[in-house]
Amino acid sequence: MKVVTPVRIVHGNITPPACDFIHRVPALIFSSGGFTGNLFHEFNEIIIPLFLTCHHFRSRIQFVVTDFKPWWVKKYSRVLSHLSSHAVINPVENGSVHCFPGAIMGLRYHDNLALNYTEIPEGYSMLDFKQFLRESYMLKIKHVSEMKRQRPGLLLLSRRETRKFLNEEKMIEMMEALGFQVIAAMPNQTSNLDTFSGLVNSCSIIVGAHGAGLTNAVFLPTKAVIVQVVPLGLDWPSTAYYGETVGGMGLEYLEYKIKAEESSLIDIYGPDHPFITDPQSVFVKGYEAARAVYVDGQNLKINLVRFRKTLVEAMKLLGHSTPEN
């Protein structure tokens with residue numbers, strides 16, 4: 001929370017300043033600070049909470065965004081404009097005094113990539129949130145049964161720094177041999193949601209190593225498949241952030257948990273090092289110590305024979321057959 005500026009509430013016997021602007025709708029005050037720049041955190045801590053906090057206002061609300069980041073407001077302009085009919089206010093831009101008939105301080109949060117519909121006015125769920133995204137980004141495909149491709153589209157999240165697939169070209173060859181139409185998405189493609197959301201929506205399956213990029217699954221059509229490759233030592237976040245959440249989005253979930261010999265860590269430290277044999281002993285030293293090893297310090301060389309079985313299962317979930325061995 002150090003990167004989120006506190007908002008001070010003043011009450012009691014005070015004389016408020018004169019209003020420069022008088023608004024007829026309530027204000028919703030929230031921060032675009034925090035871990036923005038990471039797609040998972042942007043959706044998990046801002047976009048989904050923003051939806052559940054104010055969707056029932058039917059756009060009759062004014063956003064006041066502290067820690068204002070112009071690039072973030074531009075990135076999510078479609079979401080913001082579909083939740084509010086009014087331009088976003090940067091409260092420190094010119095020192096003006098804005099007066100509202102009421103205000104909501106902060107956003108409601110339920111769980112990782114989740115909405116608890118029993119606690120929301122009108123009972124919204126993650127399926128309603130996905131419908132909202134389809135409307136905001138003008139996505140065409142609601143269910144995988146509407147796909148017109150003869151071969152299922154597979155979106156492979158290609159990484160270039162950490163947790164990258166060292167044998168990616170061989171993986172793509174195997175995927176295509178199974179009958180998938182493979183699209184390898186580079187990191188520079190994923191930042192423009194106005195275009196990338198449509199690409200994701202056109203695919204039946206998304207494959208990627210554990211990381212923020214898998215959050216793009218929110219744009220997949222219903223009954224699409226997400227295949228998460230779980231790196232060494234990242235079992236818990238893989239399960240908590242995606243394994244336990246995508247079902248609420250109407251998606252099928254498969255995971256491929258790598259073995260030690262598929263991690264680059266074994267080449268660096270050897271098979272008997274605690275980093276390999278006992279990841280928990282690293283996590284007890286704190287998240288930063290574990291992050292340096294398992295999040296930022298390893299790449300993956302996938303066993304194609306084992307991984308093929310996971311992709312065959314994915315193909316079956318989509319109702320397609322695969323070539324014989």
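- Considering only heavy atoms from C-beta on, P237 comes within 4.5 Å of H210 through its side chain.
- For the atom pair OG1 (T36) and CG (D67), the distance works out to 8.5 Å, reported to the nearest 0.5 Å.
- Side-chain N or O atoms of T190 include one that pairs as donor or acceptor with a backbone N or O of P187 at under 3.5 Å.
- Side-chain atoms of T66 and P91, non-hydrogen and from C-beta on, do get closer than 4.5 Å to each other.
- For the residue pair E244 / Y253, no side-chain donor-acceptor distance below 3.5 Å is found, with atom types taken as modelled.
- A donor-acceptor contact closer than 3.5 angstrom is absent between the side chains of H86 and S84.
- Under the ring-ring contact (aromatic ring centres under 6.0 Å, His included) criterion, F30 pairs with F63, sequence neighbours left out.
- Here the CG atom belonging to N299 is positioned 13.5 Å from the CD atom belonging to E262, to the nearest 0.5 angstrom.
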Under 3.5 Å, side-chain donor or acceptor atoms of residues 196-203 against the rest of the protein: list the pairs with distances, not counting sequence neighbours.
| residue | atom | partner | partner atom | Å |
| --- | --- | --- | --- | --- |
| S197 | OG | L193 | O | 2.6 |
| N201 | OD1 | K140 | N | 3.4 |
| N201 | OD1 | I141 | N | 2.9 |
| N201 | ND2 | I141 | O | 2.8 |
| N201 | ND2 | F219 | O | 3.1 |
| S202 | OG | L199 | O | 2.6 |

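- We find the CG-CG distance between L317 and L251 to be 11.5 Å, quoted to the nearest 0.5 Å.
- When the shell of 6.0 Å around CD of E146 is examined, it contains more than 12 heavy atoms from other residues, nucleotides or ligands.
- Put simply, the side chain of R306 reaches to within 4.5 Å of the side chain of K259, judged on heavy atoms.
- For F51 and Y124, the ring centers sit closer than 6.0 Å to each other.
- With contacts defined as side-chain heavy-atom distances shorter than 4.5 Å, the pair I47/V79 qualifies.
- Listed here is the closest heavy atom pair of R149 and G153: NH1-CA, 3.0 Å.
- Partner of L115 under the side chain to side chain contact (heavy atoms under 4.5 Å, CB included) criterion, chosen from R108, H55, M126: M126.
- Contact check on E261 versus K301 returns no salt bridge, with no Lys/Arg side-chain nitrogen under 4.0 Å from an Asp/Glu carboxylate oxygen.
- Taking all atoms of both residues into account, the shortest heavy-atom contact from N167 to L300 is OD1-O, 4.1 Å.
- In this structure the side chain of Y137 never reaches within 4.5 angstrom of the side chain of T195, judged on heavy atoms.
- For the pair V312 and H320, the minimum side-chain heavy-atom distance is 4.5 Å or more.
- Donor-acceptor pairing under 3.5 Å is lacking for the side chains of Y76 and S32.
- A donor-acceptor pair shorter than 3.5 Å cannot be found between the side chains of S238 and D235.
- A 4.5 Å side-chain heavy-atom check between M249 and L113 finds at least one atom pair inside the cut-off.
- Residues forming a ring-ring contact (aromatic ring centres under 6.0 Å, His included) with H98 (at least two apart in sequence, or on another chain): F21, H23.
- To the nearest 0.5 Å, atom CG of residue D20 and atom SG of residue C99 are 8.0 Å apart.
- Ring pair F283/Y294: centre-to-centre distance below 6.0 Å.
- In this structure, K257 places its NZ atom where only 12 or fewer heavy-atom neighbours from other residues, nucleotides or ligands lie under 6.0 Å away.
- Residues S263 and I258 come closest through the heavy atom pair CB-CD1, 3.8 Å.
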What's the verdict on side-chain hydrogen bond (donor to acceptor under 3.5 Å, both in side chains) for N112 and Y242, showing C-alpha distance, side-chain angles and the deciding distance? CA-CA 8 Å; N112 293 319; Y242 299 111; over 6 Å; no
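- For the side chain to side chain contact (heavy atoms under 4.5 Å, CB included) with L107, the lone residue among L50, I29, L52, I48 that qualifies is L50.
- Residue F35 places its CZ atom among 12 or fewer non-hydrogen atoms of other residues, nucleotides or ligands, all under 6.0 Å distant.
- At a cut-off of 3.5 Å, with distance as the only test, a side-chain donor of R160 or S158 sits close to an acceptor on the other residue.
- Centroid-to-centroid, the aromatic rings of Y241 and W236 come within less than 6.0 Å.
- Atom CG of L155 is separated from atom CD1 of I183 by 6.0 Å, given to the nearest 0.5 angstrom.
- Side chain of S77 to backbone of V73: no donor-acceptor contact under 3.5 angstrom is found.
- Here the side chain of R159 pairs no donor or acceptor atom with the backbone of F165 at under 3.5 angstrom.
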